[in-house]
2 protein chains.
Amino acid sequence: MELQQLRYFREVAEREHVTRAAENLFVSQSAISRGVTQLEEELGVPLFYRQGRAVVLSPYGRSFLEHVTRALSILESGKRLLSEQTGKESGNRIAWLSTLTWN
Amino acid sequence: MELQQLRYFREVAEREHVTRAAENLFVSQSAISRGVTQLEEELGVPLFYRQGRAVVLSPYGRSFLEHVTRALSILESGKRLLSEQTGKESGNRIAWLSTLTWN
DNA sequence: TGAGGTTACGCCTATCGTAATAATG
DNA sequence: CATTATTACGATAGGCGTAACCTCA
């Protein structure tokens, strides 16, 4: 399980559409399709129910999606926080050194 | 940023020791070292302060670690929940089909 | 001087895009 | 028959282990 797969999964889940997910993430259809399939194989459950072109979330997928969206947004906010912290230093790149404790 | 890197980071952060992190994750020292370095490069901040052999969390690292641990445990619990759900079905593998809605 | 973190190097797997295939509306 | 998901296939980037290197206690 890798973030790449989870990003693919989230995008497909929110749109229930592989092609549009691919366009949004700037990769090919097949990359998305394979990424999601691999994730399903690893988890051992169907995240989507496929009927022809339709790709709809399974209950497993719905449940898992909640966790995935929470985890991804936590990581995104963590990343954003770091940017803000560095931004505030504005020139004092080693300010954080002074906060270290030694024993 | 991938989960692999975050798992490496968490392990090193909790132990402040690359070699023991590597042993725990059954990979080489170099894999851990590179994974963490790449993460730092992508984030643009030092997650650790290195002094000789010492590898101690920087304030950035401390902040980011909180997000990482939360995200990773959410994903782990999401995965565990799926296992429990499938376990409960016990033989009725397509039970979830009945919960689908159509329009 | 040896324990431990980093870097170099070659290998190899995993992912990608293109293109063919399948399915269906 | 056009649209869209999946599969096949070859190419390539990225991650790994080994081993050399460097540093410090």
Side-chain angles (χ1 to χ4, degrees), chain A residues 1-58 60-62 64-65 68 72 97 100-103, chain B residues 1-58 60-62 64-65 68 72 97 100-103:
Chain A
M1 188 168 75
E2 287 302 325
L3 285 185
Q4 183 94 284
Q5 297 168 324
L6 299 181
R7 294 188 206 104
Y8 289 179
F9 165 63
R10 178 178 63 173
E11 203 72 23
V12 174
E14 288 175 350
R15 308 173 182 282
E16 298 200 328
H17 204 284
V18 172
T19 299
R20 282 197 277 275
E23 291 169 353
N24 257 61
L25 296 175
F26 302 100
V27 293
S28 69
Q29 284 185 358
S30 70
I32 300 284
S33 178
R34 280 169 299 180
V36 170
T37 301
Q38 286 175 355
L39 183 58
E40 289 177 306
E41 285 171 355
E42 179 179 343
L43 295 174
V45 299
L47 297 172
F48 295 101
Y49 175 59
R50 295 154 171 87
Q51 180 82 339
R53 308 174 190 178
V55 178
V56 300
L57 266 181
S58 75
Y60 295 131
R62 254 195 298 276
F64 194 59
L65 178 60
V68 170
L72 288 179
L97 265 173
L100 277 175
T101 57
W102 298 96
N103 41 3
Chain B
M1 187 168 76
E2 286 302 325
L3 284 186
Q4 184 91 283
Q5 297 169 323
L6 299 181
R7 293 188 206 103
Y8 289 178
F9 165 63
R10 177 176 64 173
E11 204 72 22
V12 174
E14 288 174 351
R15 308 173 182 281
E16 298 200 328
H17 203 287
V18 172
T19 299
R20 282 198 276 275
E23 290 170 353
N24 257 60
L25 297 175
F26 302 100
V27 292
S28 68
Q29 284 185 358
S30 71
I32 300 284
S33 178
R34 280 169 298 180
V36 170
T37 302
Q38 286 174 357
L39 184 58
E40 290 177 305
E41 286 171 355
E42 178 179 343
L43 296 175
V45 299
L47 297 173
F48 295 101
Y49 175 60
R50 295 154 170 89
Q51 180 82 337
R53 307 175 189 176
V55 179
V56 300
L57 265 182
S58 75
Y60 294 131
R62 253 195 299 275
F64 194 59
L65 178 61
V68 169
L72 288 180
L97 265 174
L100 278 175
T101 57
W102 299 97
N103 42 3

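This is a predicted model, so every value here is computed, not measured.
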Engineer: Measuring to OP1 and OP2 of D:dT6, would you say a side-chain N or O of A:Arg50 lies under 4.0 angstrom away?
Structural biologist: yes

Engineer: State, to the nearest 10°, the angle formed by the axis through the first five base pairs of the helix from C:dT1-D:dA25 to C:dG25-D:dC1 and the axis through its last five.
Structural biologist: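 The angle separating the two end axes equals 30°.
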
Engineer: Starting from the 5' end of DNA chain C, give me the residue, B:Val55 or A:Gln29, whose nearest nucleotide shows up first.
Structural biologist: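 The residue closer to the strand's 5' end, by nearest nucleotide, is B:Val55.
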
Engineer: Base of D:dT18, side chain of B:Ser28 - is there a donor-acceptor contact under 3.5 Å?
Structural biologist: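 Check fails, no donor-acceptor contact within cut-off.
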
Engineer: Could you tell me whether A:Glu2 and B:Arg7 make a salt bridge, using a distance below 4.0 angstrom between a side-chain N and a carboxylate O?
Structural biologist: yes

Engineer: What is the distance, to the nearest angstrom, from the CG atom on A:Leu39 to the P atom on D:dT6?
Structural biologist: 13 Å

Engineer: What is the distance from atom CD of B:Glu23 to atom CD1 of B:Ile32, rounded to the nearest 0.5 Å?
Structural biologist: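 Rounded to the nearest 0.5 Å, the CD-CD1 separation comes out at 10.5 Å.
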
Engineer: Can you tell me how far P of D:dG15 sits from CG of B:Leu25, to the nearest Å?
Structural biologist: 16 Å

Engineer: Quick check: on DNA chain C, is the nucleotide nearest B:Arg53 upstream (toward 5') of the one nearest A:Ala31, or the reverse? Name the residue that is more 5'.
Structural biologist: B:Arg53

Engineer: Taking all non-hydrogen atoms of both residues into account, name the closest pair between B:Ala13 and B:Leu57 and its distance.
Structural biologist: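 So the minimum-distance heavy-atom pair works out to CB-CD2, 3.9 Å.
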
Engineer: Could you measure the distance from the CE atom of A:Met1 to the CD atom of A:Gln38? Nearest 0.5 Å is fine.
Structural biologist: 13.5 Å

Engineer: For salt bridge (charged side-chain N to carboxylate O under 4.0 Å, His left out), just list the numbers for B:Glu40 and B:Arg50, CA-CA rounded to whole Å, side-chain angles, deciding distance to a tenth of an Å, and then say yes or no.
Structural biologist: CA-CA 13 Å; B:Glu40 290 177 305; B:Arg50 295 154 170 89; 3.0 Å; yes

Engineer: Hey, does A:Thr19 reach any base, or is it just sugar-phosphate, or nothing, if we go heavy atoms under 4.0 Å?
Structural biologist: sugar-phosphate

Engineer: Evaluate the criterion side-chain contact (heavy atoms from CB on, under 4.5 Å) for residue pair B:Val36 and B:Phe48; output intermediate values, then yes/no.
Structural biologist: CA-CA 9 Å; B:Val36 170; B:Phe48 295 101; 3.6 Å; yes

Engineer: Measure from CE on B:Met1 to C1' on D:dG14 and round the result to the nearest Å.
Structural biologist: 18 Å

Engineer: Calculate the interatomic distance between B:Arg34 atom CZ and D:dA13 atom P; express it in whole Å.
Structural biologist: 18 Å

Engineer: Can you tell me the distance, in whole Å, between the CZ atom of A:Phe48 and the C1' atom of D:dT6?
Structural biologist: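 These atoms are roughly 15 Å apart.
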
Engineer: Whole-Å distance between D:dA13 P and B:Glu2 CD?
Structural biologist: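 Taking atom P of D:dA13 as the reference, CD of B:Glu2 is at 18 Å.
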
Engineer: Rounded to the nearest 0.5 Å, what separates atom CZ in B:Phe9 from atom OG1 in B:Thr37?
Structural biologist: 12.5 Å

Engineer: So for atom CZ, which belongs to B:Arg10, do other residues, nucleotides or ligands contribute more than 12 heavy atoms lying within a distance under 6.0 Å?
Structural biologist: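 Yes, enclosed.
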
Engineer: Assign A:Gln38 to base, sugar-phosphate, or nothing according to its heavy-atom contacts below 4.0 angstrom with the strands shown.
Structural biologist: sugar-phosphate

Engineer: At the 4.0 Å heavy-atom cut-off to chain B, mark where contacts on DNA chain C begin and end, going 5' to 3'.
Structural biologist: C:dG2 to C:dC9

Engineer: With distance as the sole criterion, is a donor-acceptor pair present between the side chains of A:Arg34 and A:Ser30 under 3.5 Å?
Structural biologist: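 Yes, a side-chain donor-acceptor pair sits under 3.5 Å.
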
